[in-house]
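Letters A, B, ... mirror the listed sequences (proteins, then strands); counts begin at 1. Because the structure is predicted, anything quoted here is derived from the model rather than measured.
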There are 2 protein chains.
Amino acid sequence: MNPFDVPHPTHEANAAGQVCDRCGSRVAGLCQPLDAAALDEISSEANQMVLPAHSAVFREGDPAGRVFTLIDGVAKLTRLLPDGKQQVVGFRFAGDVIGYTTLKSYPFDAELLTDARLCRLDRPQLDGLLRRYPKLERRMLDLCVQELTATQEQLVTVGRRSAEARVAAFLISLVDASRRRGEPRQVLEMPMTRADIADFLGLTLETVSRSLTAFRKRGWIREPVHHRVELLNVPAITAMAEGTNDSF
Amino acid sequence: MNPFDVPHPTHEANAAGQVCDRCGSRVAGLCQPLDAAALDEISSEANQMVLPAHSAVFREGDPAGRVFTLIDGVAKLTRLLPDGKQQVVGFRFAGDVIGYTTLKSYPFDAELLTDARLCRLDRPQLDGLLRRYPKLERRMLDLCVQELTATQEQLVTVGRRSAEARVAAFLISLVDASRRRGEPRQVLEMPMTRADIADFLGLTLETVSRSLTAFRKRGWIREPVHHRVELLNVPAITAMAEGTNDSF
DNA sequence: GCGGGACGTCGAAGGGGTTCAAGGCGATCT
DNA sequence: AGATCGCCTTGAACCCCTTCGACGTCCCGC
């Protein structure tokens, strides 16, 4: 797969280097295009940190002085309205970058849904790296464009789809995210609660619950245990997401 | 009205520095950080074009071989659902970049709401420029992050705000966009139809019409002529957008 | 074991926005 | 001027999703 996944003898002593070997960012994320030397420099400047589920990586309004890469685990990014309502603007998985912004303060909360390991860089350090490694800056731009496209797609979902179509689209996006990370599993991790999903889709948690129950009764999905889904009928779910399904 | 208006719709010019001098991109857009020399090189590679209102710059699915900067005019970016429903993912104004993506084909339609002048670059040319001018690539990244933040904000609007709050938020975003371009006018250009606004906000055109009528009756706005609004009570509109307004 | 809290499910009622329908207004063309 | 068309407005009925309430389940701490 990735030629750099082989442990290099000169870096074996470097604890940080070993971390990079297993980082999700190597497969699909920021560090994908980097060679061993660049990787080594980055890992020497980055700090790894471990945070428990439900902790905040940062809060909306905090000074945006750090950038994170999710090594493993799942995070949700949320914006709060003055009246207390919440909107999840996105979920982030292994390898995704969190908190890169040109603004002075973060425009959203970043909360962990699972225990997670993160790779932390201070903005000045990252800016230096971006200057020294044009490939890195290019990669950052690519990731940003991808994220923008995904957010626009989400806008379509929230703005124009019915409740069940939104939930279906969410499930499909889970499959896509899993595939992008190279984990084509039958059973997907889904650490988010009904409320999280509802806040992502612009629905209430009851509506999400009812939709998932409906899918289950139709034999489209199974939830073997809490926080895990199996999609039994991807075509039907896809059709529902696209509004092509007239039978329901 | 428009000095470049000619009988033929796809007229192309190649005037160098003079064109850039008046381009919106110098004030707030991509070319803002460039010096005269770089600007000269870009303008020699770029083609200016003039397109009439309601024409398409490109269509969703077209091979993404070109990138455009809007010199003046307004464009809407839309995604189409299989069932024919439409979602406007954003409006673009003078100086904004349109059509930069890493995908093979454009993920949305770009349609002009007004007559417009555009600056066109082929992707290979742009990639070359980005490589030669790191400032340009950096600027592109910054613009992308800004756009992402704006789209996330829009997600909050569509996902969690009431109909009138959405329309209010839209009006405020118009003011912001106008200010960003350095045009702090009392009366704003609003070339989009009720249907355009509705497709942007995830509403029907009837609901948009009713909301605007309500604002007018409350003395918050005036529409002196077609496609032009004056905000008479920005605080009230802002409060409505934020859901802080209990009196309605 | 038992209590408590977080999370999920389900039913009934209500409402905000949609849908459907009709008409008005201004611009353009003949 | 009259006709046509696109856009906007307004009314009335409907409906999908929300709201509210109740209950079930699982898990964890005591």
Participant: Using 0.5 Å steps for rounding, measure from the CG atom of B/Asp96 to the CG atom of B/Leu143.
Facilitator: 8.0 Å
Participant: Please give, in whole Å, the distance from D/dC28 P to A/His226 NE2?
Facilitator: 10 Å
Participant: Is the closest basic N to carboxylate O distance between A/Glu206 and A/Arg194 below 4.0 Å?
Facilitator: no
Participant: Nearest-Å distance, CG (B/Leu212) to P (C/dG17)?
Facilitator: 14 Å
Participant: Start at the 5' end of DNA chain C and walk down; is the nucleotide closest to A/Met192 or to B/Arg166 reached first?
Facilitator: A/Met192
Participant: In whole Å, what is the span from the NE2 atom of A/His227 to the P atom of D/dC26?
Facilitator: 14 Å
Participant: Tell me whether the side-chain N/O atoms of B/Thr207 come closer than 4.0 Å to OP1 or OP2 in C/dG16.
Facilitator: no
Participant: Determine whether a donor-acceptor pair (N or O, by modelled atom type, separation under 3.5 Å) exists between the side chain of B/Thr114 and the backbone of B/Val74.
Facilitator: yes
Participant: Expressed as a whole number of angstroms, how long is the span from A/Leu201:CG to D/dT18:P?
Facilitator: 10 Å
Participant: Classify the side chain of A/Arg210 and the base of C/dG8 as holding, or not holding, a donor-acceptor pair under 3.5 Å.
Facilitator: no
Participant: So, does B/Arg194 get its side chain near the phosphate of D/dT9, meaning an N or O under 4.0 Å from OP1 or OP2?
Facilitator: yes
Participant: Look at A/Thr213 and C/dC10 and indicate whether a side-chain polar atom (N or O) is within less than 4.0 Å of OP1 or OP2.
Facilitator: yes
Participant: So for B/Arg160 and D/dT18, does any side-chain atom that can act as donor or acceptor lie under 3.5 Å from a complementary atom in the base?
Facilitator: no
Participant: When the ring planes of B/Trp220 and B/Phe215 are compared, do they come out parallel, tilted or perpendicular, using 30° and 60° as the limits?
Facilitator: tilted
Participant: With hydrogens left out and only the distance checked, is there a donor-acceptor pair under 3.5 Å joining B/Arg216's side chain and the base of D/dT10?
Facilitator: no
Participant: For a quick check of understanding: with a heavy-atom distance under 4.0 Å over all strands, which category does B/Leu205 fall into, base, sugar-phosphate or nothing?
Facilitator: base
Participant: In terms of heavy-atom contacts, does CZ of A/Arg216 have more than 12 from other residues, nucleotides or ligands at under 6.0 Å?
Facilitator: yes
Participant: A/Glu223 has a side chain; which of C/dG8, D/dA12, C/dT9 sits nearest to it?
Facilitator: C/dT9
Participant: When the nearest nucleotide of DNA chain D is assigned to B/His54 and to A/Ala163 on a heavy-atom basis, which residue is associated with the more 5' position?
Facilitator: B/His54
Participant: Please state how far atom CG in B/Asp199 lies from atom P in D/dC7, giving the value in whole angstrom units.
Facilitator: 13 Å
Participant: Rounded to the nearest 0.5 Å, what separation is found between the CG atom of A/Leu81 and the OG1 atom of B/Thr157?
Facilitator: 8.0 Å
Participant: Through what angle, rounded to 10 degrees, does the axis of the helix from C/dG1-D/dC30 to C/dT30-D/dA1 turn between its ends, using five pairs per end?
Facilitator: 30°
Participant: Taking only Lys NZ, Arg NE, NH1 and NH2, and the carboxylate oxygens of Asp or Glu, determine whether A/Arg228 and A/Glu223 approach each other closer than 4.0 Å.
Facilitator: no
Participant: Quick one: A/Glu206 CD to D/dG24 C1', roughly how many Å, whole number?
Facilitator: 15 Å
Participant: For the pair made of NZ in A/Lys85 and C1' in C/dG16, what is the distance, rounded to whole Å?
Facilitator: 12 Å
Participant: Do B/Arg161 and B/Val156 come close enough that some side-chain heavy atom pair is under 4.5 Å?
Facilitator: yes
Participant: Find the distance A/Leu203:CG to C/dG16:P and express it as a whole number of Å.
Facilitator: 18 Å
